[in-house]
Number of protein chains: 2
Amino acid sequence: MDRRQRKTRTAIFQAFTDLLEQKTYSALTVQDIIDAADIGRSTFYAHFETKDELLKAMCTEIFAHVFSEEIMQEAHHDFSDRDSFKDRLTHILCHLQEKQQSIRGIFSGECGEIFMRYFREYLFQVFDRHLPDDGEVPRAYRLNHAVSSFAETVRWWFREHNNAYTPEEVSAFYFACVPL
Amino acid sequence: MDRRQRKTRTAIFQAFTDLLEQKTYSALTVQDIIDAADIGRSTFYAHFETKDELLKAMCTEIFAHVFSEEIMQEAHHDFSDRDSFKDRLTHILCHLQEKQQSIRGIFSGECGEIFMRYFREYLFQVFDRHLPDDGEVPRAYRLNHAVSSFAETVRWWFREHNNAYTPEEVSAFYFACVPL
DNA sequence: TATGATAACAAACAAGTTGTTCTGTAAAGA
DNA sequence: TCTTTACAGAACAACTTGTTTGTTATCATA
């Protein structure tokens, strides 16, 4: 990728994350981003069609990092092992913690909802093939419950108690309330 | 309240819910609502300052209905009784089902997130004084988990399987996965 | 180093949205 | 009936969005 493109792209990302700590997503205009990134109007639209596309691109980039080992490990690990699954989730929490700076703004505003939606999509894939069969309650409900609970656990962790608990502790809380 | 005001207000609400089944919340303009409600521009702004205020007012009105008995019963019921708490939640599900028509549009779009946020606020109050103390896992986490799980249960119920399950069944699913 | 490709820029553009303000009209309520 | 008040309609400035144009700067590479 052209060095100029990279420079512009990161400038936009940086401006976007910075601004999200001051304004809400819907209150944020493309003009704001352009001004903060100090780029030309047409340049922005050469990179992203809309503000939503920008957010989507950011989420994709973040999750590519957060779930990178997930994707790598898929061929090697035994998913039916419960301890290894707990380790996987803890790993995801660690990666999220690393990206904490970039994520904080996205997470807190109303676009946290969009972030959560993407997050859940990834989690569904991770949880789907691990969830054991268990009569009585429909599988679709249990899958939704496990994924939602984990996603909300992360949101709670970041929002209220950012550095109060370690990934291992948070993971333990989750498994205490959602025994898989 | 003046009959004209009532008429206008309901016309706006109706137009709003109708339009939300066709467009997303952010794609929906005040002008769309004005046209659909067939009212003057200044009339809309005499009732609501912004589109967000309209959504907020709708949510408030819906929850006033959904939680009406909750508020009434507060003085009479014993909240520590687990069976009565299950009944309360089932009641809430019944009320939501009644309002299903008005809610469907709000629930599905991105403004479902705003709806969810208000919903969770009410639920926190309901759950807060029922949640038993239980060492190990922080109370704040368990409260968040119980509330989030219930809210997500409702979302799942409405989204994927609207009439596939009764309120009693859904309530049973919830208590099977989140034993209080 | 010279050169063709391409990304960035500034400026201007139309089209649409927002929220306000005005005047005249019609309906409500006492 | 008479006063009050909500509504309609129109016009308004300010802003946002997304596109287009011609120019300049930067890049990769021969």
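Everything numeric here is computed off the predicted structure, so don't read it as measured data. In what follows, chains carry the letters A, B, and so on, assigned in the order in which the sequence lines appear, proteins first and then strands, with residues in each chain numbered from 1.
Under 4.0 angstrom from either OP1 or OP2 of D:dC7 there lies at least one side-chain N or O belonging to B:H47. Within the 4.0 Å cut-off from OP1 or OP2 of D:dA6, not a single side-chain nitrogen or oxygen of B:T43 is found.
Residues passing the side chain to side chain contact (heavy atoms under 4.5 Å, CB included) test with A:S26, sequence neighbours excluded: A:T24, A:E110. By the side-chain hydrogen bond (donor to acceptor under 3.5 Å, both in side chains) test, A:T153 is found to be paired with B:Y141, residues two or more places apart in sequence or in another chain being considered. For B:S148, the side chain to side chain contact (heavy atoms under 4.5 Å, CB included) partners two or more places apart in sequence, or in a different chain, are A:E152, B:R120, B:N144. Annotation: side chain to side chain contact (heavy atoms under 4.5 Å, CB included) contacts of B:T17 (sequence neighbours excluded): B:Q14, B:M58. For A:S171, the side-chain hydrogen bond (donor to acceptor under 3.5 Å, both in side chains) test picks out A:T90, with sequence neighbours left out. Under the rule for a side-chain hydrogen bond (donor to acceptor under 3.5 Å, both in side chains), A:R142 has no partner lying at least two apart in sequence or in another chain.
Pairs of residues two or more places apart, or lying in two chains, that qualify as side chain to side chain donor-acceptor pair (under 3.5 Å) and include a residue from residues 37-49 of chain A are A:Q31-A:R41. Residue pairs satisfying the salt bridge (charged side-chain N to carboxylate O under 4.0 Å, His left out) criterion with at least one member in residues 168-180 of chain B, sequence neighbours excluded, are absent. Residues in residues 5-26 of chain A take part in these salt bridge (charged side-chain N to carboxylate O under 4.0 Å, His left out) pairs, two or more places apart or across chains: A:R9-A:E61, A:K23-A:D32.
One interatomic measurement links the two molecules: NZ of B:K7 to P of C:dA27, which rounds to 9 Å at whole-angstrom precision. As rounded to whole Å, 17 Å separates atom P of C:dA5 from atom CD of A:Q5. Between the P atom of D:dC7 and the CZ atom of B:F48 lies a distance of 11 Å, rounded to the nearest Å. Regarding A:L54, its CG atom lies at a distance of 15 Å from the C1' atom of D:dT17, rounded to whole Å. Summarising the geometry, the separation between CZ on A:F44 and C1' on D:dT16 is reported as 13 Å, rounded to the nearest angstrom. A:K51 places its NZ atom 10 Å from the P atom of D:dG18, with the value rounded to the nearest Å.
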Practice problem: Treat primed atoms plus P, OP1 and OP2 as sugar-phosphate and everything else as base, then score nucleotides 19-30 of chain D 5' to 3': B for base contact with protein heavy atoms under 4.0 Å, S for sugar-phosphate contact only, - for none. | Solution: BB----BBS---

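For the ring pair (Phe, Tyr, Trp, His ring centres under 6.0 Å) with B:Y165, the lone residue among B:F158, B:W157, B:F173 that qualifies is B:F173. Screening A:F150, A:F63, A:F127, A:F115 against A:Y122 for a ring pair (Phe, Tyr, Trp, His ring centres under 6.0 Å) leaves a single residue, A:F63.
Listed by residue number, B:T29, B:V30, B:Q31 are the residues of residues 13-39 of chain B with a heavy-atom contact under 4.0 Å to DNA chain C.
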Quiz item: What dot-bracket string describes DNA chain D from 5' to 3', counting Watson-Crick and G-U wobble pairs whose defining distances are under 3.5 Å, with [ ] for crossing pairs and | for pairs to another strand?
Solution: |||||||||||.|||||.||||||||||||

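Between B:T50 and A:T8, the one whose closest nucleotide on DNA chain C sits nearer the 5' end is A:T8.
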